[in-house]
Protein chains: 2
Amino acid sequence: MNSEFTIAVHCLIELAKNTSGHLYSSEALSQKVHTHSARVRKIMSTLRKNELVVTKEGIRGGYRLNLDPREITLALVYRAIACEALKLNWCSCSESDPELISVRMVMDQAFGEAEVLLEEYLERLTIDSLLRQAEKVRESLSCLCPENIPSDPQSIDK
Amino acid sequence: MNSEFTIAVHCLIELAKNTSGHLYSSEALSQKVHTHSARVRKIMSTLRKNELVVTKEGIRGGYRLNLDPREITLALVYRAIACEALKLNWCSCSESDPELISVRMVMDQAFGEAEVLLEEYLERLTIDSLLRQAEKVRESLSCLCPENIPSDPQSIDK
DNA sequence: AAAACTGTATCTATTATAATTACACTAACC
DNA sequence: GGTTAGTGTAATTATAATAGATACAGTTTT
């Protein structure tokens, strides 16, 4: 699965954690997510067009969720980013051989159905559920490695 | 999905159609599948290691199926080629940020489960079923475009 | 008007993918 | 036993996809 998807989900999780009332800037997000702010802006722009986040330009601008984290399913994110993880790759796409075309049609059909099943599965995962799970995992990790200081959510708009 | 998978499936369908008793050479297969013979050999070599096909070197060598087409599921092919279509891509994989690690663990887990579901679905598709469907599609296509002469399976070892 | 943001395009670097070439090895055939 | 027709596999090159980086126009707030 393409990395725009993982970045999008990770950003949404960060936004869900932000209860400060302030917007989250692309610069701050990019540090959390370990990528570049221009890339974050591009992805967030796509999410805005799909009404998953609200953006604001200008001073004190930035991003926040447009829905409750319990309402944001991974299926919504998946469709917004148009990952098409199961789309088949045909290196010989310009061929007009009727045999190849028929095989291709049948397989594309089969994997289209697989994609529907995948989206049904992703429908059941929400930003909220992932966030809770990740918190739990982090707690158990910090028991094992207590030197890892837990992050400070208040440091968003330094 | 990576194109090795589609090539592998297409080759297996061709092998299933070959009832001539002769082996199918990489050269002939590569023409059917519209790629290069070295690539076909590489992929078929992987399928041989997974016991889906039998290969033979030397004169009159080539490939044939090792199982009945009804027994070769796409799940077998998928695992053989190790497509990992749903594997998440983390561009920041060397980071040791505990927050990122926990998000990553949770998401990798979720998509590992999605991959299991996908394999269950692929378990229900066989080379035989695809072959039959493709034949039907080709028949209906040839009604629409009768100038497309049906292929001649006897021309394999010309 | 200046400052702090987003939005977006473009360029460059890196990586992944596919095509191509080459050749060692193997088995059948004469 | 040598020639031929095939696989197995590695190495090289070409092309495409991905990610990083930079730049700057546009938008708000102060």
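In what follows, every chain begins at residue 1, and chains take the letters A, B, ... in the order their sequences are listed. Side chains are part of it too, since the values below use all heavy atoms of this structure and drop only hydrogens, waters and symmetry mates.
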Engineer: Closer than 4.0 Å, any side-chain N/O of B:Ser45 to the OP1 or OP2 of D:dT9?
Structural biologist: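 So the side-chain polar atoms of B:Ser45 do come within 4.0 Å of the phosphate oxygens OP1 or OP2 of D:dT9, strictly under.
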Engineer: Looking at B:Thr35, I'd like to know whether one of its side-chain N or O atoms comes within less than 4.0 Å of OP1 or OP2 on C:dA19.
Structural biologist: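 So the side-chain polar atoms of B:Thr35 do come within 4.0 Å of the phosphate oxygens OP1 or OP2 of C:dA19, strictly under.
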Engineer: Students often get this wrong, so: under 4.0 angstrom with heavy atoms, is B:Gly58 touching a base, only sugar-phosphate, or nothing?
Structural biologist: base
Engineer: Mind listing the residues from residues 77-84 of chain B sitting with a heavy atom below 4.0 Å of DNA chain D? Number order is fine.
Structural biologist: none
Engineer: Ignoring backbone atoms, test whether B:Tyr63 places a side-chain nitrogen or oxygen under 4.0 Å from the OP1 or OP2 oxygen of D:dG8.
Structural biologist: yes
Engineer: Quick one: list whatever passes side chain to side chain donor-acceptor pair (under 3.5 Å) with A:Arg70, sequence neighbours left out.
Structural biologist: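 A:Asp68.
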Engineer: Check the pair B:Leu118 / A:Leu117 against side chain to side chain contact (heavy atoms under 4.5 Å, CB included), numbers first and verdict last.
Structural biologist: CA-CA 8 Å; B:Leu118 173 63; A:Leu117 292 179; over 6 Å; no
Engineer: How many whole angstroms separate atom OH of A:Tyr24 from atom P of C:dT6?
Structural biologist: 12 Å
Engineer: Return the value, rounded to whole Å, for the distance between atom CZ of B:Phe5 and atom C1' of C:dA18.
Structural biologist: 19 Å
Engineer: With a 4.5 Å heavy-atom cut-off, do B:Leu47 and B:Ile81 have their side chains touching?
Structural biologist: yes
Engineer: Which is more 5' along DNA chain D, the nucleotide nearest A:Ser3 or the one nearest A:Ile59? Just name the residue.
Structural biologist: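 Of the two residues, A:Ser3 wins.
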Engineer: Expressed as a whole number of angstroms, how long is the span from A:His34:NE2 to D:dG20:P?
Structural biologist: 12 Å
Engineer: D:dT4 P sits how many Å from B:Lys56 NZ, rounded?
Structural biologist: 20 Å
Engineer: Indicate whether OP1 or OP2 belonging to D:dA10 is found under 4.0 Å from a side-chain N or O atom of B:Lys42.
Structural biologist: no
Engineer: For B:Thr126, check side-chain contact (heavy atoms from CB on, under 4.5 Å) against everything at least two apart and list the hits.
Structural biologist: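 Applying side-chain contact (heavy atoms from CB on, under 4.5 Å) to B:Thr126 gives B:Thr73, B:Asp128, B:Ser129.
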Engineer: Hey, which sits more toward the 5' end of DNA chain D by its nearest nucleotide, B:Ser26 or A:Ser37?
Structural biologist: B:Ser26
Engineer: Backbone N or O of B:Glu51 within a donor-acceptor pair of the B:Asn66 side chain at under 3.5 Å?
Structural biologist: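 Answer holds: yes.
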Engineer: Can you tell me how far C1' of C:dT6 sits from NZ of A:Lys49, to the nearest Å?
Structural biologist: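 Atom NZ in A:Lys49 sits about 12 Å away from atom C1' in C:dT6.
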Engineer: With a 4.0 Å cutoff (strictly under), does any side-chain N or O of B:Arg48 reach OP1 or OP2 of D:dG8?
Structural biologist: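 Yes, B:Arg48 has a side-chain N/O under 4.0 Å of OP1/OP2 on D:dG8.
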Engineer: Among B:Glu119, B:Glu115, B:Glu123, find the residue that satisfies the side chain to side chain donor-acceptor pair (under 3.5 Å) test when tested with B:Tyr78.
Structural biologist: B:Glu115
Engineer: Kindly indicate whether the side chain of A:Thr55, heavy atoms from C-beta on, has any atom under 4.5 Å from the side chain of A:Arg64.
Structural biologist: no
Engineer: Can you find a pair of side-chain heavy atoms, one from A:Glu14 and one from A:Cys11, that are under 4.5 Å apart?
Structural biologist: no
Engineer: Can you tell me how far P of C:dA19 sits from CH2 of A:Trp90, to the nearest Å?
Structural biologist: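 It is 14 Å, rounded to the nearest whole Å.
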Engineer: Under 4.0 Å between a side-chain N or O of B:Ser25 and OP1 or OP2 of D:dA5?
Structural biologist: no
Engineer: Is any side-chain N or O of A:Arg39 under 3.5 Å from a base N or O of D:dG20, one able to act as donor and the other as acceptor?
Structural biologist: no
Engineer: Tell me: CD1 of B:Ile43 to C1' of C:dT17, nearest whole Å?
Structural biologist: 12 Å
Engineer: Under 4.0 Å, counting only non-hydrogen atoms across every strand here, what does B:Asn89 touch: a base, just sugar-phosphate, or nothing?
Structural biologist: sugar-phosphate
Engineer: Is there a donor and acceptor pair, one atom on the side chain of A:Arg41 and one on the base of C:dG7, closer than 3.5 Å?
Structural biologist: yes
Engineer: What is the distance, rounded to the nearest whole Å, between atom CE of A:Met1 and atom C1' of C:dA16?
Structural biologist: 18 Å
